[in-house]
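Only one structure is covered here, and it is reproduced in the block below.
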Protein chains: 2
Amino acid sequence: MARSALSRDEVLDTAAALVREHGPAALTMRRLAAELGTAVTSIYWHVGNRESLLDALVSRTVTDLGTIRPRGTTPTERIVSVARSLRRALRERPHLVAMVHERGLTERMFLPAQRALAHEAHAAGLRGAHAARAVRALQFQVVGYVLVERNRERAPAQSPAEEELWREEAAGSDAELARALAAPIDTEALFVDSVRALVDGLLAGASGDTGDGAVGRGPYSL
Amino acid sequence: MARSALSRDEVLDTAAALVREHGPAALTMRRLAAELGTAVTSIYWHVGNRESLLDALVSRTVTDLGTIRPRGTTPTERIVSVARSLRRALRERPHLVAMVHERGLTERMFLPAQRALAHEAHAAGLRGAHAARAVRALQFQVVGYVLVERNRERAPAQSPAEEELWREEAAGSDAELARALAAPIDTEALFVDSVRALVDGLLAGASGDTGDGAVGRGPYSL
DNA sequence: ACCTGAACACCGTTCAAGT
DNA sequence: ACCTGAACACCGTTCAAGT
């Protein structure tokens, strides 16, 4: 009794809030019902079942990340700006992004950014299959980086720690390298550096060549 | 009655087989007990609870992937070979790798390969913080690539398909690029191309510079 | 069209009791 | 030291019944 009509959107909002604050494991139908002040079974009328409720949350997240605006003057700068803004957006929704990933939709989420990258690849002088290869390499790079980065942050305390492992290794090799690998990572800087290095590598191998549709036939292939 | 003594290893073996064949969701304590022919509660004596059982499986997987042997003559070739063999190993254990990822241990799993990469970076003439940056860029690249790739394979049928999305976009832009992006990806070739491009980009910016420990102070930084 | 409680078939886990 | 069944507190889901 005594509550206004339940709506599908209200269910989704409350569910999203639950996931954002306590993670997807906290999203049980009974808890959600309690949060909404309704019977558990009412939820089923609006969203079907738990699985399609999660699907709806995921597809919301995908559309939320659909707006990408490149900034900067050179193609490299604009590509880097796309990469950075995408990374930021992903990092603001860790749980939801993990759910998108579990459902195999990470790439789908990345489509708008893919278009922006294709535009910049064209502007940088890449054409045809060459340009496609560059777009995909960047796409894999950025999405993969964020996944790995998230992963690192959730990692439990390591034993032995990376630090110790690299202390042993140091003997007979590059001591400064070992020290650098034992130090914590500036992931923002590494991200930008990696994207830049990849862009440079891709653009450097771009001259000549018409691109015949066969991925893997460029200057970097065997 | 009537079965030989249960051992922790037997529990882990059976659990691993269940995960490999039917995925982690199929690993329930009751089903595992049925598979082993024991009471559910016996499992608890050997492995504690479900969570630590999964932890044990994950840590097994991590050690399984600990053997990396670079092949080839040039540093670039050897780095590419490390990347490829790691990719193959990860792809042979999709469910277990996903569990490693969920537990935030992907990077931990990658440590042996990290050592190999450090060796090759040194051989390629990189030193100190520069070398560390290259190692980490490669590490993020390879791990991220495999995560994205797995993700794509699990993705449900897309609607609208990537193909259709790129058909619309084609007007006024690079038609061949659009066609190339609409075509399926040769992920093996793209992987090798990406790694090569990144290696080239990293080595190209490596001359001079002593490396002072500050990640992000190289030629690619702002 | 929307909401409800009761009931079902599952979970993981605990615990006292056996040998 | 190892194994057991009973019991507990949870799940997601179905369904007949209400308004």
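Owing to the predicted nature of the structure, the values given are computational and were not obtained by experimental measurement. Order of the sequence lines fixes the chain letters, A, B, ..., with proteins taken first and strands second; residue numbering starts at 1 for each chain.
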query = side chain to side chain donor-acceptor pair (under 3.5 Å) between A:Glu35 and A:Thr14: does it pass, once the steps are laid out?
reply = CA-CA 8 Å; A:Glu35 211 89 22; A:Thr14 310; over 6 Å; no
request  = Please test A:Asp9 against A:Arg60 for salt bridge (Lys or Arg N to Asp or Glu O under 4.0 Å), starting from the C-alpha separation and ending with a verdict.
outcome  = CA-CA 11 Å; A:Asp9 272 341; A:Arg60 258 196 181 191; 3.8 Å; yes
Can you tell me how far [atom2] of [N] sits from [atom1] of [X], to the nearest Å?
X: B:Ile43; N: D:dT4; atom1: CD1; atom2: C1'; answer: 13 Å
X: A:Arg50; N: C:dC10; atom1: CZ; atom2: P; answer: 19 Å
X: A:Arg30; N: C:dC8; atom1: CZ; atom2: P; answer: 14 Å
X: A:Glu10; N: C:dC2; atom1: CD; atom2: C1'; answer: 14 Å
X: B:Met29; N: D:dA6; atom1: CE; atom2: C1'; answer: 17 Å
X: B:Asn49; N: D:dC8; atom1: CG; atom2: C1'; answer: 17 Å
X: A:Asp55; N: D:dG12; atom1: CG; atom2: P; answer: 15 Å

key: Under-4.0 Å salt bridge between B:Glu51 and B:Arg103   = yes
key: Residues A:Asp186, B:Arg133: salt bridge by 4.0 Å N-O rule   = no
key: Between B:Ser52 and B:Asn49, a side-chain donor and acceptor under 3.5 Å   =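 Yes.
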ask   = Taking the nucleotide of DNA chain C with the closest heavy atom to each, which residue, A:Thr41 or B:Leu27, is nearer the 5' end?
value =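 Final value for this comparison: A:Thr41.
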request  = Starting from the 5' end of DNA chain C, give me the residue, A:Ala5 or B:Tyr44, whose nearest nucleotide shows up first.
outcome  = A:Ala5
ask   = Where the side chain of A:Trp45 is defined as all heavy atoms beyond and including C-beta, which of C:dC3, D:dG5, C:dG12 is the nearest nucleotide?
value =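 The answer is C:dC3, which lies nearest to the side chain.
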ask   = Between C:dC3, C:dG12, D:dT4, which nucleotide gets closest to the side-chain atoms of A:Leu6?
value = C:dC3
Heavy-atom check, side chain of A:Leu53 versus side chain of A:Leu12, under 4.5 Å =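 Heavy-atom side-chain distance check passes, below 4.5 Å.
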key: Secondary structure string for DNA chain C (Watson-Crick or G-U under 3.5 angstrom, | for other-strand pairs)   = ||.|||||...|||||.||
ask   = Checking all strands, does A:Ser42 fall into the base, sugar-phosphate, or nothing category for heavy-atom contacts under 4.0 angstrom?
value = base
ask   = Which is true for B:Thr28 with a 4.0 Å heavy-atom rule: it touches a base, it touches only sugar-phosphate, or it touches nothing?
value =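 Answer is sugar-phosphate: B:Thr28 comes under 4.0 Å of backbone atoms only.
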ask   = Would you say B:His46 reaches D:dC3's phosphate, i.e. side-chain N/O to OP1/OP2 under 4.0 Å?
value = yes
request  = Would you mind telling me which residue lines up with the more 5' stretch of DNA chain D, B:Ala39 or A:Glu51, judged by nearest nucleotide?
outcome  = B:Ala39
query = So, for A:His22 and A:His95, is the gap between ring centers shorter than 6.0 Å?
reply = no
